[in-house]
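Report on the structure given below.
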Amino acid sequence: MLDLNSTPASGGRETDFHPALRVAEAPPARDRIGEIADWVLANVPWTVPVPDWPCFHDRWPLLSRRDLAAVEAELQRRGAALDAPGADLDAMAARLTGRTTCCAAAADWLTLNLAAAITDPEFVRRFSLLSRAELILAAIEHRRRIVERLSGGEPRATR
């Protein structure tokens, strides 16, 4: 009879299995949801619903509806943290990556069009392919500029 608990001898078939198949080594669900949310922030355009981005299902196949809902909730939580009183925007920005020139261009547009929002059709036309992280970085930079302007400081120039 086959002993499933035994260690295979040298040359055994254990190495034929992909490491992801070892359930005991799978990351906790909370870590996995955070990892997926990090990937979404960096890779999925902000104008595209997560499940509609074709690369999402390639990267995260067979994600359950419950896991997808948990990812959406994590993204919402992170978004709400931006507006929380006393939010450390510098710390948030330090954890995000994006194309600096694109983030700066979006922040410039928002600064020049103070009455507009990211839902403005012109903003969407110009910046619809920004990742969620890039949009957040642009919003943080825009917010910094407003605070500097209100405090009487000179706004920083975009590089």
Side-chain angles (χ1 to χ4, degrees), residues 19-20 22-159:
R22 295 188 184 133
V23 177
E25 297 174 13
R30 184 171 292 189
D31 290 346
R32 183 167 183 253
I33 297 302
E35 178 185 355
I36 296 169
D38 290 342
W39 186 90
V40 167
L41 283 171
N43 293 287
V44 180
W46 68 278
T47 54
V48 178
V50 174
D52 292 350
W53 185 245
C55 297
F56 178 78
H57 296 290
D58 292 341
R59 176 67 175 90
W60 307 103
L62 304 175
L63 193 66
S64 71
R65 287 183 182 171
R66 184 170 62 180
D67 285 345
L68 181 58
V71 169
E72 293 283 1
E74 177 64 13
L75 293 169
Q76 291 293 325
R77 186 194 66 73
R78 292 180 186 191
L82 287 169
D83 294 325
D88 186 351
L89 299 180
D90 290 331
M92 289 180 191
R95 289 191 301 266
L96 299 172
T97 60
R99 299 166 292 178
T100 307
T101 55
C102 295
C103 300
D108 289 346
W109 191 94
L110 290 168
T111 302
L112 292 171
N113 299 282
L114 288 174
I118 63 169
T119 56
D120 184 283
E122 183 64 16
F123 184 87
V124 173
R125 185 184 71 74
R126 290 176 181 248
F127 303 107
S128 64
L129 293 180
L130 291 179
S131 70
R132 286 160 164 78
E134 291 167 335
L135 181 66
I136 292 168
L137 289 168
I140 288 171
E141 178 58 26
H142 174 62
R143 187 175 294 172
R144 284 182 186 145
R145 294 174 184 182
I146 290 173
V147 169
E148 287 173 359
R149 187 178 291 166
L150 292 175
S151 64
E154 287 295 317
R156 289 181 286 179
T158 302
R159 297 175 197 225

Looking at Ala107 and Ala138, what are the two nearest heavy atoms and their distance?
-> CB-O, 3.6 Å

Got a salt bridge between Glu148 and Arg144, using NZ or NE/NH1/NH2 to carboxylate O under 4.0 Å?
-> no

Rounded to the nearest 0.5 Å, what separation is found between the OG1 atom of Thr111 and the CZ atom of Arg149?
-> 6.5 Å

Side chains of Ile36 and Phe56 in contact at under 4.5 Å (non-hydrogen atoms) = yes

Say you draw a straight line from CG of Asp88 to CZ of Arg95; how long is it, rounded to the nearest 0.5 Å?
-> 8.0 Å

Distance-only, no hydrogens or angles: does the Asn43 side chain make a donor-acceptor pair with backbone N or O of Trp39 under 3.5 Å?
-> yes

According to the interplanar angle, ranging from 0 to 90°, do the rings of Phe127 and Trp109 count as parallel (below 30°), tilted (30 to 60°) or perpendicular (above 60°)?
-> perpendicular

Answer yes or no: is there a side-chain heavy-atom contact under 4.5 Å between Glu72 and Pro51?
-> yes

Kindly indicate, with the supporting measurements, whether the criterion side-chain contact (heavy atoms from CB on, under 4.5 Å) is fulfilled by Ile136 and Met92.
-> CA-CA 9 Å; Ile136 292 168; Met92 289 180 191; 5.9 Å; no

Worked verdict on Ile33 versus Asp67 for side-chain contact (heavy atoms from CB on, under 4.5 Å) = CA-CA 7 Å; Ile33 297 302; Asp67 285 345; 4.2 Å; yes

Would you indicate whether the side-chain heavy atoms of Leu89 and Leu82 approach each other to under 4.5 Å?
-> yes

Where Ala81 and Ala87 come nearest, the two heavy atoms and their spacing | O-CB, 3.3 Å

How long is the span from the CZ atom in Arg99 to the CG atom in Leu137, to the nearest 0.5 Å?
-> 11.5 Å

Main-chain N/O of Ser128 paired with Thr47 side-chain donor or acceptor, under 3.5 Å = yes

Considering all heavy atoms, the nearest Ala37-Leu75 contact | O-CD2, 3.8 Å

Main-chain N/O of Pro45 paired to Arg132 side chain as donor or acceptor, under 3.5 Å = yes

In terms of the angle between their ring planes, are Phe123 and Trp46 parallel, tilted or perpendicular, with boundaries placed at 30° and 60°?
-> tilted

Is Arg32 salt-bridged to Glu35, going by a charged N under 4.0 Å from an acidic O?
-> no

Would you call Leu110 and Arg143 a side-chain contact if the rule is heavy atoms closer than 4.5 Å?
-> no

Evaluate the side-chain proximity of Glu74 to Val40: yes if any heavy-atom separation is below 4.5 Å, no if none is.
-> no

Please lay out, stage by stage, how Arg78 and Asp38 fare under the test side-chain contact (heavy atoms from CB on, under 4.5 Å).
-> CA-CA 10 Å; Arg78 292 180 186 191; Asp38 290 342; 2.6 Å; yes

Gap separating the CD1 atom of Ile140 from the CZ atom of Arg145, nearest 0.5 angstrom | 13.0 Å

So, does Asn113 use its side chain to make a donor-acceptor pair with the main chain of Ala116 at under 3.5 Å?
-> no

